[in-house]
Colleague: 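My structure is below; once you've seen it, I'll send some questions.
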Number of protein chains: 2
Amino acid sequence: MASTSLSTRSIGRLAALTGVKVPTIRFYEQIGIMPAPERTASDRRVYDDAALRRLSFVRHARDLGFDLDSIRSLLDLADEPERPCGEANAIADRHLAVVTGKIARLKALQAELSRMTAECAGGRVSACKVIEVLHDHDRCGADHGGTRSDF
Amino acid sequence: MASTSLSTRSIGRLAALTGVKVPTIRFYEQIGIMPAPERTASDRRVYDDAALRRLSFVRHARDLGFDLDSIRSLLDLADEPERPCGEANAIADRHLAVVTGKIARLKALQAELSRMTAECAGGRVSACKVIEVLHDHDRCGADHGGTRSDF
DNA sequence: CTTGATCCTCTAGTGGCTAGAGGATGCAGA
DNA sequence: TCTGCATCCTCTAGCCACTAGAGGATCAAG
């Protein structure tokens, strides 16, 4: 195991170290993702190394697109090394499926959008393929039937 | 020109025809995407064919991932067929670039996530690749440096 | 001592809806 | 005619993950 340094830092320093913005750190504290840290006499937050590790974890998970609820579960798991890791895998798998689905939908959109813009000759709106496709969905390739959900 | 039928319908019927939910139609009216329609004596909304066409347009544009601000611009353009369509094309092109960027980022995430889950042997959390990668970003393939933005 | 960076709390806004309260109206069957 | 349910109305609040700004205290450098 590496030596555990015992330094502390302000919220701004923590923000710089992790790439998480200062208001976001306070927000994470408010919603319980980060624990309330110690304070100086003048009420400033002081973060220890555990906080630094935890926030880095959160940041990396957010970078990978996990929502804060999943991150809460992953943090709980990370705190108990003896538990089996099936749950962590399940969370990651679920997220992977979501990501894969999004890619598929976005690719369909990409195809449709490039068809739209490629076919437009650049005349007047009355002859514009972009507007036309939007007006008359039958002229659109794919069937984006039900779920708009998110992108 | 095709014959313009002169039928009308309730908000529920309009919702069924377009696939846009009733509260969403009211919301679109509130924010000015849809104009305030005529009302019956008992204050119920009555939609004509122009409203039906406009809402279908909005729905298709949303399906393609355009945000409501872009849709506002596209609606303005669609209402003036004599204007040149360059602006419509520009909006679509900008959106296409956004979509293409999202696909690229999501593919990187997909690769990282599947690597994470594939390498996990299914033991305890202490040996879990998923948790490990999240803890130590250096073991992660890609560099998701700055922008988390949206997914 | 002054200046400017950083910190504090608090509220409100973003996008694009969705959910629910609390009530009025409309329409079909018994 | 009554009953009951579907649909409609307005209004407010909530969702996610932040972000922005007001209004003020404190700190560190020159």
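Within every chain, numbering begins at 1; the chains are lettered A, B, ... in the order of the sequence lines, protein sequences first and strands thereafter.
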Colleague: Taking all non-hydrogen atoms of both residues, which atom of A:Leu109 and which atom of B:Gly65 are closest, and how far apart?
Modeller: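 That would be CD1-N, 4.4 Å.
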Colleague: Quick one: which of D:dT10, D:dT19, C:dT18 gets closest to the side chain of A:Lys21?
Modeller: D:dT19
Colleague: Starting at the 5' end of DNA chain D and moving along, which residue's nearest nucleotide shows up first, A:Ala41 or B:Arg39?
Modeller: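 Mapping each residue to its closest nucleotide by heavy atoms, the 5'-most match is B:Arg39.
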Colleague: Can you tell me if A:Arg26 has over 12 outside heavy atoms packed within less than 6.0 Å of its CZ?
Modeller: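 Yes.
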Colleague: So does B:Arg62 get a side-chain nitrogen or oxygen closer than 4.0 Å to the phosphate oxygens (OP1/OP2) of C:dC17?
Modeller: yes
Colleague: So, is B:Tyr28 near the phosphate of C:dC17, with a side-chain N or O under 4.0 Å from OP1 or OP2?
Modeller: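 Yes, within the criterion.
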Colleague: Taking the minimum atom-to-atom distance to the side chain of A:Arg26, which one of D:dT26, C:dC7, D:dC9 wins?
Modeller: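 Given the options D:dT26, C:dC7, D:dC9, the side chain of A:Arg26 is closest to C:dC7.
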Colleague: Rounded off to whole Å, could you give me the CD-to-P distance for the A:Glu29 and C:dC7 pair?
Modeller: 14 Å
Colleague: Rounded to whole Å, how long is the line connecting atom CD1 of A:Ile11 with atom P of C:dC7?
Modeller: 7 Å
Colleague: Would you mind reading off the distance between A:Phe66 atom CZ and D:dC16 atom P, rounded to a whole angstrom?
Modeller: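 Roughly 18 Å, once rounded to whole Å.
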Colleague: How many Å lie between CD1 on B:Ile31 and C1' on C:dC17, as a whole number?
Modeller: 9 Å
Colleague: For B:Arg9 and D:dC8, give me the distance from atom CZ to atom P, rounded to whole Å.
Modeller: 13 Å
Colleague: What pair of heavy atoms forms the shortest contact from B:Gly32 to B:Arg72, and how long is it?
Modeller: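 Looking at all heavy atoms of both residues, the shortest contact is C-NH1, 4.2 Å.
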Colleague: Separation of A:Ile25 atom CD1 from D:dA17 atom C1', in whole Å?
Modeller: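 Interatomic distance, CD1 of A:Ile25 to C1' of D:dA17: 15 Å.
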Colleague: Which is more 5' along DNA chain C, the nucleotide nearest A:Gln30 or the one nearest B:Ser42? Just name the residue.
Modeller: A:Gln30
Colleague: A:Arg44 has a side chain; which of D:dC18, C:dC8, C:dT25 sits nearest to it?
Modeller: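 Closest of the options to the side chain of A:Arg44: C:dC8.
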Colleague: Determine, for A:Glu80 against A:Arg83, whether the closest basic-nitrogen to carboxylate-oxygen distance falls under 4.0 angstrom.
Modeller: yes
Colleague: Can you find a heavy atom in the side chain of B:Leu17 that is under 4.5 Å from one in the side chain of B:Arg9?
Modeller: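 Side chain of B:Leu17 against side chain of B:Arg9, heavy atoms only: contact under 4.5 Å found.
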Colleague: Of the options D:dT10, C:dC8, C:dG16, whose atoms approach the side-chain atoms of A:Arg45 most closely?
Modeller: C:dC8
Colleague: Quick check for you: among D:dC8, C:dC17, C:dG16, whose closest atom lies nearest to any side-chain atom of B:Asp67?
Modeller: C:dG16
Colleague: From D:dC8, C:dG16, C:dC8, pick the nucleotide closest to the side chain of B:Phe27?
Modeller: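 Selected nucleotide (nearest to the side chain): C:dG16.
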Colleague: Figure out the CG/C1' separation between B:Leu14 and D:dT7, and round it to whole Å.
Modeller: 15 Å
Colleague: Quick one: is C:dC7 close enough that its OP1 or OP2 comes under 4.0 Å of any side-chain N or O from A:Ser10?
Modeller: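 Indeed, a polar side-chain atom of A:Ser10 lies that close.
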Colleague: Counting side-chain heavy atoms from CB outward, which of D:dT19, C:dC17, D:dA17 is closest to B:Thr24?
Modeller: C:dC17
Colleague: Could you state the CG-C1' distance from A:Asp43 to D:dT26, rounded to the nearest angstrom?
Modeller: 11 Å
